[in-house]
**Q** 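Let me give you the structure first, and then I'll get to my questions.
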Amino acid sequence: QPGHATVKLATAGRICVVAEQKLDSPFVFNYRYVVPGLWYPGTGTASCANSYRWYRDTIGKEPFAQLNVPAEAIAPGCDGLMFHPYLNGELPDSDEVADLYEFGRKLLEEKGYARYEISNFALPGCESRHNGSYWRNVPYIGCGAAAHSYDGASRQWNVADIPLYIKGIEDGCADYEIEHLSECELYNDAVLTRLRTREGLPLDWFKEQFSEKLNSYMLRNAEKYIAGGNLISTDEGCIRLTRKGIFISDAIIRDLIYIE
């Protein structure tokens, strides 16, 4: 019947919904359904089998071995198992998240991947320079409608409306908004982004950029986490998260952020 759908997770993965007419979209493939007068539009496919094979061959583990244990305990059918755990939109609790993170970290490190940001791993020399610029306060310029720019002291974003953006360029008067950042806002941005990285907070850089008041606040609030083994002072003059501290990084960042 129109409105019925199938979800396919096999050689390819996609969702198809039975419809009474073709869908006019460049992102949809329209197939004739077996029932006359009905269509079977489908989204572009993602090759699940290739993804599973890459995971298995690269990481060296069968991807769903652990997920199969709870899945096999549920009866099949619409009133039982519909997807593997976490594919239905439900969220794991914090302990499960920690276990999954550790599981992924160990697998990646066994293959030579190193963590260079809380949620980013890479082979040596293959770290993302694009993201690293954001984390290290490097100015950047955004070109195009709705694009954002940053010059180290302010954020700027172009008008989102494409015709208005083009008109502004043609008239030599770009249409944009700008937000000038206070020292406190710049400090908080630096704490939020840099503490997530492998290098952590560079103390000499913080002294150059921010007032003694903000530096003293940061060091004072970091003391209890250093004593508890969640932060560490490195020989390179930085304060960074320990492996233990990663799991409470949100709490640490919250305590280092300065509220005016």
Side-chain angles (χ1 to χ4, degrees), residues 91-98 100-102 104-105 114-122 127-143 146-160 174 176-260:
L91 297 176
D93 62 34
S94 57
D95 288 337
E96 289 176 310
V97 170
L100 290 169
Y101 182 92
E102 272 296 281
R105 180 192 63 78
R115 182 188 73 84
Y116 65 102
E117 195 267 353
I118 284 182
S119 59
N120 288 268
F121 292 74
E127 297 86 354
S128 170
R129 287 180 291 177
H130 177 273
N131 290 346
S133 297
Y134 296 142
W135 301 330
R136 292 173 178 81
N137 205 50
V138 177
Y140 55 88
I141 185 169
C143 301
H148 285 59
S149 303
Y150 172 70
D151 63 4
S154 66
R155 297 190 189 97
Q156 177 179 309
W157 53 97
N158 298 334
V159 63
Y176 64 88
E177 294 184 63
I178 190 169
E179 175 189 16
H180 295 283
L181 302 171
S182 67
E183 182 193 30
C184 182
E185 289 172 323
L186 291 168
Y187 162 84
N188 287 338
D189 283 352
V191 168
L192 180 62
T193 53
R194 286 189 174 238
L195 192 59
R196 292 176 57 90
T197 66
R198 177 173 52 200
E199 293 79 13
L201 308 176
L203 298 182
D204 286 344
W205 183 85
F206 267 78
K207 289 178 182 178
E208 293 174 0
Q209 298 293 319
F210 306 114
S211 66
E212 182 179 348
K213 174 184 176 181
L214 289 175
N215 275 275
S216 297
Y217 175 86
M218 177 184 68
L219 293 173
R220 183 171 63 252
N221 285 13
E223 286 178 357
K224 65 178 180 180
Y225 293 109
I226 294 174
N230 297 296
L231 289 175
I232 187 173
S233 296
T234 69
D235 294 337
E236 292 77 20
C238 298
I239 292 178
R240 66 171 176 82
L241 294 166
T242 62
R243 184 169 294 172
K244 173 184 174 183
I246 288 174
F247 296 106
I248 61 167
S249 58
D250 286 349
I252 297 174
I253 291 171
R254 183 182 64 237
D255 281 355
L256 298 188
I257 282 179
Y258 187 84
I259 306 298
E260 292 182 294

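When a residue number appears, it is its place in the shown sequence, counting from 1. Any value given below was found using the heavy atoms of this structure, including those in side chains, with hydrogens, waters and symmetry copies removed.
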**Q** Verify the neighbour count for atom OH of Y176: are there more than 12 heavy atoms of other residues, nucleotides or ligands below 6.0 Å?
**A** no
**Q** Residues in ring pair (Phe, Tyr, Trp, His ring centres under 6.0 Å) with F210, at least two apart?
**A** Y187, W205, F206
**Q** Tell me if a side-chain donor or acceptor on Y116 pairs with a main-chain N or O of S128 at a distance below 3.5 Å.
**A** yes
**Q** Side chains of I226 and S233, heavy atoms from C-beta outward: is any pair under 4.5 Å?
**A** yes
**Q** Can you tell me if E183 uses its side chain to pair, donor with acceptor, with the backbone of S211 under 3.5 Å?
**A** yes
**Q** If I take atom CD1 from residue I248 and atom CD1 from residue I253, how far apart are they, to the nearest 0.5 angstrom?
**A** 11.0 Å
**Q** Side chains of M218 and L201, heavy atoms from C-beta outward: is any pair under 4.5 Å?
**A** yes
**Q** Side chains of I239 and L219: closer than 4.5 Å at any heavy-atom pair?
**A** yes
**Q** Does the side chain of R240 come within less than 4.5 Å of E199's, by heavy atoms?
**A** no
**Q** Would you say the side-chain atoms of D255 pair up with the backbone N or O of N221, donor to acceptor, closer than 3.5 Å?
**A** no
**Q** Can you tell me if S133 uses its side chain to pair, donor with acceptor, with the backbone of V138 under 3.5 Å?
**A** no
**Q** Ring-plane angle category for H148 and W157, please: parallel below 30°, perpendicular beyond 60°, tilted otherwise.
**A** parallel
**Q** Answer yes or no: is there a donor N or O on one side and an acceptor on the other, between the side chain of N188 and the main chain of Y258, under 3.5 Å?
**A** yes
**Q** Would you say the side-chain atoms of R194 pair up with the backbone N or O of R136, donor to acceptor, closer than 3.5 Å?
**A** yes
**Q** Do R196 and S119 come within less than 4.5 Å of each other through their side chains, counting heavy atoms only?
**A** yes
**Q** A side-chain contact here means heavy atoms from C-beta on lying under 4.5 Å apart; do Q156 and D151 qualify?
**A** no
**Q** Quick one: are the ring centres of Y150 and Y134 less than 6.0 Å apart?
**A** no
**Q** Please give me the minimum heavy-atom distance between P202 and G200, naming the atom from each residue.
**A** CD-O, 3.3 Å
**Q** For the CG atom of L231 and the NZ atom of K224, what is their distance to the nearest 0.5 Å?
**A** 10.5 Å
**Q** Rounded to the nearest 0.5 Å, what separation is found between the CZ atom of R155 and the CD1 atom of I178?
**A** 11.5 Å
**Q** Between I246 and R105, is there a side-chain heavy-atom distance shorter than 4.5 Å?
**A** no
**Q** For the pair S154 (side chain) and L181 (backbone), establish whether a donor and an acceptor sit closer than 3.5 Å, ignoring hydrogens and angles.
**A** no
**Q** Check G142 against A147 and note the closest heavy-atom contact, atom names and distance.
**A** C-CB, 3.5 Å
**Q** More than 12 foreign heavy atoms under 6.0 Å from CD of E179: is that the case here?
**A** yes
**Q** Of the non-hydrogen atoms in K244 and G228, which two are nearest, and what is the gap between them?
**A** NZ-O, 2.8 Å
**Q** Using 0.5 Å steps for rounding, measure from the OH atom of Y225 to the CG atom of L195.
**A** 10.5 Å
**Q** Any heavy-atom pair between the side chains of L241 and N230 that's under 4.5 Å?
**A** no
**Q** Are E127 and R198 within salt-bridge range, i.e. N to O under 4.0 Å?
**A** yes
